[in-house]
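Since the structure comes first, as C-alpha cells, the remarks are kept for the end.
We're numbering straight along the sequence, starting at 1. We use all heavy atoms of the structure for the numbers below, so side chains are in, but hydrogens, waters and symmetry mates are not.
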Amino acid sequence: MTRQHTKQPKPLLIRRAGQLVTLKGSSERPLIKGQMRELGIVENGSVWIEDGKIIMADTDEAVLNRFGDRLSEATVIEANGRLVTPGLVDPHTHLVFVGSREDEFEMRLNGATYMEIMAAGGGIHRTTRATQAAGEEELYRESYKRLDQFLKHGVTTIEAKSGYGLTVEHELKQLRVASQLNKDHPVDIVSTFMGAHAVPLEYRDNPDEFVRIVIEEMLPAVAETGLAEFNDVFCEKGVFTPEQSERILEAGKRYGLKPKIHADEIEPYQGAEVAARVGAVSADHLLRVSDEGIRQMADKGVVGVLLPGTAFFLMAEFANARKMIDAGVPVALSTDRNPGSSPTESLPLIMNLGCLKMGMTPAEVLAAATINAAHAISRGHEIGSLEPGKQADVVIWDAPNYAYLQYHFGVNLVDTVIKRGQVVVKGGQRV
Ligand SMILES: N=CN[C@@H](CCC(=O)O)C(=O)O
Ligand SMILES: [Zn+2]
C-alpha cells in the first residue's frame, strides 16, 4: 500500500469516546515525575480531523457546538464509550534485518548467555551475516511484515536503526530500505545510523581500527545521503567502551546526527554518564544504570528509553523505572524489536511489563509510550498527543479506560487505528 499524500476530501469525526486521552500541553518537553500521570483525559470526547491533522479534541458537546453544522460532510466513527488515545510511538527498534534466532533462544534456555553467544560469532554477528547477504527486496519484505504487526498493535511511528550491515555498503543498504518503507507503509519511520552496533569479528584484535572506520568512513557516507537523523552506539563491556562511544557520538554530532546510546544494559558501564556528557537525546536500556548516571540524565533532560522486553526475554533484572521517574528522568518505553533480545512488535505487552515489572502506573506507561516516546525521537511537536495541529494518529481500543489496557493483558485490544486521518486498521485487521 502506498501512503496517501493527497488531501482528504472529507473531515473525520471520532465521537463518544468513554475516555479520550489527549495528553495536552506536552509538546514542548517530555513529561517528568507527576506530570507523567496527567493524561489530559476528556470523558465523553470527540476528535475532529481534517487533511490528516487534528483540528479539535474535546468533549462531544464542545466539538458538536463548533462543527455541528458540518456533520453531514464528515465520516463519523463511533467510539461507543471506548478508550481513544494517541497512536503509540516506538522509539527504539532494529527493524531492518532478515532471519531469526530461535535456536539461540533455546541455547540460552539451556544455560548459555547472550554475550557468550555473541562472543562465539552468533548473536548480532549472525544477523549481520544474514543481512549482508540479503538483497534490498528481501529486507524490504521481511521488514514490511513487522511494520504491519506494529500497526495492528497500535503503533503509528517507530524509530529504526541500521547496525546489521557494519560496512559502508551494507549500512547504507539498511538505511535505504528503511527510507523506502517510510514512503510506502503507513507507519512513519525515523532513521538512526548504528554502525557501532558490534565490533566485527575481523576487528576483534583491533577494535580502534573499526571505530576509525565508523568515524572516518561510515559517518561521512551516511551524512552525505541524508538517510539518518540519529547516531547510536552499543556501549557495553566487550563491545564499545565509554571512551570509544563518546568519540563516535561526538563525531556524529559534527555531521548533524543527534546522539543516542545503548547504555548500561548488561553491565554498569557509565553509558548514562556518556549520554549526559554528549547531550544525547536518549539513553536506552539502563538496566544497570548507576545512581550518578540517573542524576546526570535528569539534570540534562536525557530521555530514558526503557526496553523491558529484553529483561523479560534475556531473563535479566528489569530496569528500575520507578527510581528514574522519581529522580526526574523523562521515561519512554519501547519494544527494542530485534531478533536476539526482544523479538516482539507488541508495545502494549511492553507497557504491561512496565507496570508489572518496573513499578510504573498505567498512566505513566501510556505517557511513556506516546508523548515521551515522541520526544525520544525529536517528534514531540508532531505526534504523541491529541492536540490541534498535530498529526491525526489515533487508536480506538476495545477497552473502557486506560487502566483496563494494562489489566486485560496478553491479548491485542486494538480495534481501530487511524494514521494521518486515514483508517488503516479496523476491527483489529489491516485495511
Ligand atoms: N543490545 C544491543 N542491540 C540489540 C540486540 C540486537 C540483537 O541481539 O540482534 C538490543 O538493543 O538489545
Ligand atoms: Zn537496541
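- The two atoms that bring Ala263 and Ala283 nearest to each other are CB-CB, 4.3 Å, heavy atoms only.
- Environment of CZ in Arg204: crowded, with over 12 heavy atoms of neighbouring residues, nucleotides or ligands closer than 6.0 Å.
- Geometrically, Arg146 engages Phe97 in a cation-pi contact defined by less than 6.0 Å to the ring centre and at most 45° from the axis.
- Pairs of residues two or more places apart, or lying in two chains, that qualify as salt bridge (charged side-chain N to carboxylate O under 4.0 Å, His left out) and include a residue from residues 395-417 are Arg82-Asp415.
- No side-chain heavy atom of Lys390 sits under 4.5 Å from any side-chain heavy atom of Arg379.
- Gln35 contributes a side-chain N or O that, together with a main-chain N or O of Ile32, makes up a donor-acceptor pair within less than 3.5 Å.
- In this structure, Gln19 contributes its side chain and Tyr402 its backbone to a donor-acceptor pair below 3.5 Å.
- Contact record, Pro86 with Thr370: O-CG2, 4.1 Å, taken as the closest heavy-atom pair.
- Formation of a donor-acceptor pair under 3.5 Å by the Asp264 side chain with backbone atoms of Leu287 is not found in this model.
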Anything under 3.5 Å between a donor and an acceptor, one on a side chain of residues 300-314, the other on a protein residue two or more places apart or in another chain? List them.
unit_1: Thr310; atom_1: OG1; unit_2: Leu307; atom_2: O; d: 3.0

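- Under the ring pair (Phe, Tyr, Trp, His ring centres under 6.0 Å) criterion, Tyr203 pairs with Phe210, not counting sequence neighbours.
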### Message
With side-chain hydrogen bond (donor to acceptor under 3.5 Å, both in side chains) as the criterion, how do Thr192 and Glu159 come out once you've worked through the C-alpha distance, each side chain's angles and the decisive distance to 0.1 Å?
### Response
CA-CA 7 Å; Thr192 295; Glu159 181 260 18; 2.6 Å; yes

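- A distance of 4.5 Å separates CD1 in Ile396 from OG1 in Thr416, rounded to the nearest 0.5 Å.
- The side-chain contact (heavy atoms from CB on, under 4.5 Å) test applied to Gln296 returns Glu273, Ala276, Glu292, not counting sequence neighbours.
- Listed for the Asp51 side chain is no donor-acceptor partner under 3.5 Å among the backbone atoms of Lys53.
- Side chains of Thr59 and Glu61: no donor on one and acceptor on the other come within 3.5 Å.
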### Task
Under the side-chain hydrogen bond (donor to acceptor under 3.5 Å, both in side chains) rule, what do Ser378 and Lys258 come out as? Steps first, then yes or no, please.
CA-CA 9 Å; Ser378 305; Lys258 291 175 268 185; 3.1 Å; yes

### Task
Any chance you could lay out the side chain to side chain contact (heavy atoms under 4.5 Å, CB included) test for Thr156 and Val417, step after step, and finish with the verdict?
CA-CA 8 Å; Thr156 46; Val417 180; 3.6 Å; yes

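- Annotation: ring pair (Phe, Tyr, Trp, His ring centres under 6.0 Å) contacts involving residues 316-375, sequence neighbours excluded, are absent.
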Please list, one pair per line, the donor and acceptor atoms closer than 3.5 Å that link side chains of residues 347-361 to other protein atoms, with sequence neighbours excluded.
unit_1: Asn352; atom_1: ND2; unit_2: Gln406; atom_2: O; d: 2.8
unit_1: Thr361; atom_1: OG1; unit_2: Glu364; atom_2: N; d: 3.2

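- Although no hydrogens or angles enter the test, the distance criterion places a donor-acceptor pair under 3.5 Å between the side chain of Lys173 and the main chain of Gln132.
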### Task
Step by step, work out the salt bridge (charged side-chain N to carboxylate O under 4.0 Å, His left out) result for Arg322 and Asp326.
CA-CA 6 Å; Arg322 185 73 271 135; Asp326 292 345; 3.1 Å; yes

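- For the residue pair Val89 and Pro91, the shortest heavy atom distance occurs at O-CD, 3.5 Å.
- Proximity of a side-chain donor or acceptor of Asp232 to a complementary backbone N or O of Pro259 within less than 3.5 Å is not detected.
- Among residue pairs with one or both ends in residues 276-288, those qualifying as salt bridge (charged side-chain N to carboxylate O under 4.0 Å, His left out) are Glu246-Arg277; sequence neighbours excluded.
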### Message
side chain to side chain contact (heavy atoms under 4.5 Å, CB included), that's the test. Do Glu229 and Val190 meet it? Break it down for me.
### Response
CA-CA 7 Å; Glu229 181 172 336; Val190 173; 3.9 Å; yes

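- No donor-acceptor pair closer than 3.5 Å links the side chain of Lys260 to the backbone N or O of Ser282.
- Judged by distance alone, the side chain of Thr22 and the main-chain N or O of Gly40 form a donor-acceptor pair under 3.5 Å.
- Counting all heavy atoms, side chain and backbone alike, Gly380 lies closest to Ile371 at O-CD1, 3.9 Å.
- More than 12 heavy-atom neighbours from other residues, nucleotides or ligands sit within 6.0 angstrom of NZ on Lys253.
- Judged as a side-chain contact (heavy atoms from CB on, under 4.5 Å), and not counting sequence neighbours, the contacts of Glu243 are Thr241, Arg247.
- Salt-bridge annotation for Arg16 and Glu78: present, with a side-chain N of the basic residue lying under 4.0 Å from a carboxylate O of the acidic one.
- Here the closest heavy-atom approach between residue Ile261 and residue Ala275 is recorded as CG2-CB, 3.7 Å.
- Within the structure, ring pair (Phe, Tyr, Trp, His ring centres under 6.0 Å) contacts touching residues 277-299 (residues at least two apart or in different chains) are His92-His285, His262-His285.
- Under the side chain to side chain donor-acceptor pair (under 3.5 Å) criterion, Arg126 pairs with Asp103, Glu104, not counting sequence neighbours.
- The main-chain N or O of Arg108 is never found under 3.5 Å from a side-chain atom of Asn110 such that the two would form a donor-acceptor pair.
- Between Leu333 and Ala373, the shortest heavy-atom contact is O-CB, 4.4 Å.
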### Message
For Asn231 and Tyr255: C-alpha separation, side-chain torsions, deciding distance, then whether side-chain hydrogen bond (donor to acceptor under 3.5 Å, both in side chains) applies.
### Response
CA-CA 10 Å; Asn231 178 29; Tyr255 288 101; over 6 Å; no

### Full working for side-chain hydrogen bond (donor to acceptor under 3.5 Å, both in side chains) between Glu345 and Thr335
CA-CA 6 Å; Glu345 293 89 4; Thr335 60; over 6 Å; no

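- With rounding to the nearest 0.5 angstrom, the CG atom of Asn401 is 7.0 Å from the CG atom of Leu83.
- Taking OG1 of Thr157 as the start and CG of Asp90 as the end, the distance is 10.0 Å to the nearest 0.5 Å.
- The structure places CG of Leu95 at 8.5 Å from CZ of Arg337, a figure rounded to the nearest 0.5 Å.
- Between the CH2 atom of Trp48 and the CZ atom of Arg15 there is a distance of 10.0 Å, given to the nearest 0.5 Å.
- Evaluation of the side-chain contact (heavy atoms from CB on, under 4.5 Å) rule for His125 yields Met118, Arg129, Ala198, Leu201 as partners, not counting sequence neighbours.
- Between Val233 and the options Ile248, Val214, Val239, a side chain to side chain contact (heavy atoms under 4.5 Å, CB included) holds for only Ile248.
- Note: Asn372 CG to Leu23 CG = 9.0 Å, rounded to the nearest 0.5 Å.
- With sequence neighbours excluded, the residues that form a side chain to side chain donor-acceptor pair (under 3.5 Å) with Gln391 are Asp188, Asp393.
- A donor-acceptor pair under 3.5 Å links the side-chain atoms of Gln174 to the main chain of Gly163, judged by distance alone.
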